[in-house]
Enquirer: 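So that we are looking at the same thing, I have put the structure below in C-alpha cells.
Every chain is numbered from 1, with letters handed out A, B, ... down the list of sequences.
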2 protein chains.
Amino acid sequence: VRVGELSRRSGVAVPTIKYYLREGLLAPGEATAANQADYTDEHLRRLRLIRALIEVGGVSVAGARQVIDALGDSGRAPLELLGDAQAAVAPRRRPDRDTPVWRGARARVEALIAERGWLIDPSSIAIDLVADALAACESLQVTEVVNALDMYVDAAGRIAEREVRAVLDRPDPSSRLELVVLGTVLGEALFSALRMLAHQHESARQI
Amino acid sequence: VRVGELSRRSGVAVPTIKYYLREGLLAPGEATAANQADYTDEHLRRLRLIRALIEVGGVSVAGARQVIDALGDSGRAPLELLGDAQAAVAPRRRPDRDTPVWRGARARVEALIAERGWLIDPSSIAIDLVADALAACESLQVTEVVNALDMYVDAAGRIAEREVRAVLDRPDPSSRLELVVLGTVLGEALFSALRMLAHQHESARQI
C-alpha cells in the first residue's frame with residue numbers, strides 16, 4: 001500500500017512515518033516510482049511496535065531504535081535482546097550510586113539473588129535498578145516497602161515465570177523476540193496501571 | 001542548618017536547592033540574616049522526597065510540585081491524594097483513545113471491575129491507563145498478555161492490599177500521606193526492577 005494508506009491503517013500521521021523512515025526505525029518501502037513506495041503488512045506491524053514502545057512504554061525515539069536494531073540482528077541471543085529491551089525501557093534519570101546507602105542496597109540485592117539461587121548476569125542493569133529503588137526507600141526510611149521485599153520478589157517471580165513461558169511457547173524465533181520486547185513494555189504498563197486500580201479499591205475498602 | 005550543610009546532607013547541589021525554592025517545591029528556610037536562612041530536618045526530608053519523585057519515579061518538576069502541594073493541603077482526603085500521586089507518576093504520553101479498539105478495552109476494564117466488585121471512582125485515570133495497555137496489546141495481537149490478565153489482577157490486588165494496610169498502620173496523618181506518595185513511586189520502581197531481574201532468571205532457567 002501507499003504511505004497514505006499505511007497512515008490511515010496505523011493511525012500514525014504521514015510526517016511521523018517519514019520521520020521514522022529517516023531515523024531508520026522503519027525500513028524503506030519498495031520503490032514503485034519516483035517518490036512513491038509500497039508498504040506491506042510487515043511495515044504496519046513494525047509501526048505498531050514503535051508506537052507501543054514510545055506511547056505505552058514511554059521509550060525515547062533513540063531507545064526505540066536500539067530495540068528495533070537489536071530485533072533485526074539475527075545474531076543476537078534472546079537473553080541479550082532481553083537486556084537491550086530492559087535497558088531501553090529503564091528510567092533515564094539515575095540517582096547518585098556513589099554512596100554507602102546505595103552500596104549497601106546493591107549488596108542486599110546480591111544477597112537476595114544468591115539466596116533465591118537466581119541465575120543473573122552480574123552486569124545486568126536490573127541489579128542496579130533494584131538497588132536504586134531500595135536505596136531510595138532506605139534513605140527516606142520507607143521501611144514498609146523494604147520489609148515487603150519478599151512479597152514483591154515472589155510476585156515478580158510468578159509473573160516472570162509465566163511471561164517467559166509464553167515467549168517460549170511461540171513457534172518461530174522472530175515472533176519470540178518480538179514478544180520479549182512487547183511483553184517487557186506492555187506487561188509492565190498493564191501491571192503498573194492495575195496496581196493503581198487496586199490501590200483505589202483497597203483504599204476505598206480499608207479506610 | 002545553612003544551605004551548604006543542607007546540600008551536603010542531602011547530596012543535592014546548592015543551585016538545585018535554590019531552584020526548588022524558587023519553584024515552590026521547598027518551603028523557604030527561616031531568615032537569620034540578609035541572604036541567609038536556616039533549614040531544618042523537615043527540609044532535608046522534603047528534599048529527599050522530591051529527589052525520590054524525580055529520580056526514582058521519573059516525575060517531572062511540575063508533577064512533583066503537584067504532589068507536594070497536595071501533601072500540604074490538609075483538606076485533601078487520602079483517596080484524593082492517591083489520585084493526585086497516580087496522576088503525577090502516570091506516563092505523560094497518551095495513545096489515541098478515540099478508536100473502537102480502545103473503547104472495547106475500556107469496556108473490558110469496566111467489566112473486570114464489576115466482576116471483582118472493586119470500588120473504583122469511574123473518573124479514576126487508572127481505568128484509562130489499564131485500557132491504554134490492553135488496547136496496545138490487542139492492536140499488536142499480544143494475546144499472551146491479554147490472556148494473563150487475571151494473573152496480573154491477582155498479583156496487583158495482593159500487593160495493593162498489603163501496601164494500603166501499611167499506610168493505615170502509620171500512626172499520624174501526615175506520615176500516612178507521605179507513604180501514599182512514596183509507596184506509589186518507590187513500590188512501583190522496586191517491583192518493575194524486580195520483574196526485570198526475574199525475567200533474566202527465568203530466561204536463563206527456561207531456555
Enquirer: Indicate the atoms forming the closest heavy-atom contact of Leu186(B) with Ala133(A), along with that distance.
Expert: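 Heavy atoms of Leu186(B) and Ala133(A) come nearest at O-CB, 4.4 Å.
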
Enquirer: Do you know which of Arg116(B), Glu178(B), Arg45(B), Arg162(B) has the most heavy-atom pairs with chain A at a distance under 4.5 angstrom?
Expert: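 Most pairs with chain A among the choices: Arg162(B).
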
Enquirer: Which distance, rounded to the nearest 0.5 Å, do you find between the CG of Asp121(B) and the OG of Ser203(A)?
Expert: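 Nearest 0.5 Å value for the CG-OG distance: 12.0 Å.
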
Enquirer: Taking every heavy-atom pair that is under 4.5 Å apart, which of Leu168(B), Asp132(B), Val185(B) has the most such pairs with chain A?
Expert: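 Sorted descending by pairs with chain A, the first entry is Leu168(B).
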
Enquirer: Heavy-atom pairs under 4.5 Å with chain A: which of Gln86(B), Arg205(B), Gln141(B), Gln200(B) has the most?
Expert: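 It is Gln86(B).
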
Enquirer: If you take all heavy atoms of Phe191(A) and Ala156(B), which pair is closest and at what distance?
Expert: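 Looks like CE1-N, 3.6 Å.
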
Enquirer: Hey, is CZ on Arg2(A) packed in by over 12 heavy atoms from elsewhere, all under 6.0 Å?
Expert: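 Atom CZ in Arg2(A) is not crowded, with 12 or fewer foreign heavy atoms closer than 6.0 Å.
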
Enquirer: Is Val180(A) close to chain B through its backbone or its side chain, or both, or neither, when contacts mean heavy atoms under 4.5 Å?
Expert: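 Contact with chain B involves no heavy atom of Val180(A) at all.
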
Enquirer: Could you give me the CA-CA distance, side-chain angles and deciding distance for Glu202(A) and Arg165(B), then say whether salt bridge (charged side-chain N to carboxylate O under 4.0 Å, His left out) is met?
Expert: CA-CA 9 Å; Glu202(A) 285 294 335; Arg165(B) 193 152 33 85; over 6 Å; no

Enquirer: Keeping the roles fixed (side chain from His201(A), backbone from Leu119(B)), state whether a donor-acceptor pair exists under 3.5 Å.
Expert: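 Looks like yes, one N/O pair under 3.5 Å.
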
Enquirer: Side chain, backbone, both or neither: which part of Ile113(A) has a non-hydrogen atom closer than 4.5 Å to chain B?
Expert: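 Side chain only.
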
Enquirer: Top residue by heavy-atom pair count (under 4.5 Å) with chain A, among Arg195(B), Arg51(B), Glu55(B)?
Expert: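 Answer, by heavy-atom pair count under 4.5 Å with chain A: Arg195(B).
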
Enquirer: For the candidates Gly187(A), Gly83(A), Ala136(A), which exhibits the highest count of non-hydrogen atom pairs separated by less than 4.5 Å from chain B?
Expert: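 Looking at each of Gly187(A), Gly83(A), Ala136(A) in turn, Gly187(A) comes out on top.
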
Enquirer: Among Ser175(A), Gly117(A), Cys137(A), Ala52(A), single out the residue with the greatest number of heavy-atom pairs under 4.5 Å to chain B.
Expert: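 Ranked by contacts with chain B, first place is Cys137(A).
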
Enquirer: Among Thr184(B), Leu134(B), Asp96(B), Val145(B), who wins on heavy-atom pairs under 4.5 Å with chain A?
Expert: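 If we count pairs closer than 4.5 Å to chain A, Thr184(B) comes out on top.
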
Enquirer: Could you tell me which non-hydrogen atom of Arg158(A) sits nearest to which non-hydrogen atom of Met151(B), and how far apart they are?
Expert: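 Minimum heavy-atom contact is O-SD, 4.3 Å.
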
Enquirer: Are the side chain of His199(B) and the backbone N or O of Ala160(A) linked by a donor-acceptor pair below 3.5 Å?
Expert: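 A pair under 3.5 Å: no.
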
Enquirer: Donor-acceptor pair, Glu144(A) side chain versus Glu163(B) backbone, under 3.5 Å?
Expert: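 Answer holds: no.
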
Enquirer: Would you name the heavy atoms of Leu140(B) and Leu182(A) that are closest together and state the gap between them?
Expert: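 Distance-wise, the nearest heavy atoms are CD1-CD2, 3.8 Å.
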
Enquirer: Write down the atom of Ala193(A), the atom of Ala126(B), and the distance for their closest heavy-atom approach.
Expert: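 Scanning both residues completely, I find the closest heavy atoms to be O-CB, 4.2 Å.
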
Enquirer: Can you tell me how far the CG atom of Leu129(B) sits from the OG atom of Ser192(A), to the nearest 0.5 Å?
Expert: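 Going from the CG atom of Leu129(B) to the OG atom of Ser192(A) covers 7.5 Å.
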
Enquirer: Would you indicate whether the side-chain heavy atoms of Val109(B) and Leu197(A) approach each other to under 4.5 Å?
Expert: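 Yes, close enough: below the 4.5 Å cut-off.
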
Enquirer: So Leu194(B) and Leu112(A), side-chain contact (heavy atoms from CB on, under 4.5 Å) or not? Walk me through it.
Expert: CA-CA 11 Å; Leu194(B) 284 170; Leu112(A) 171 83; 4.3 Å; yes

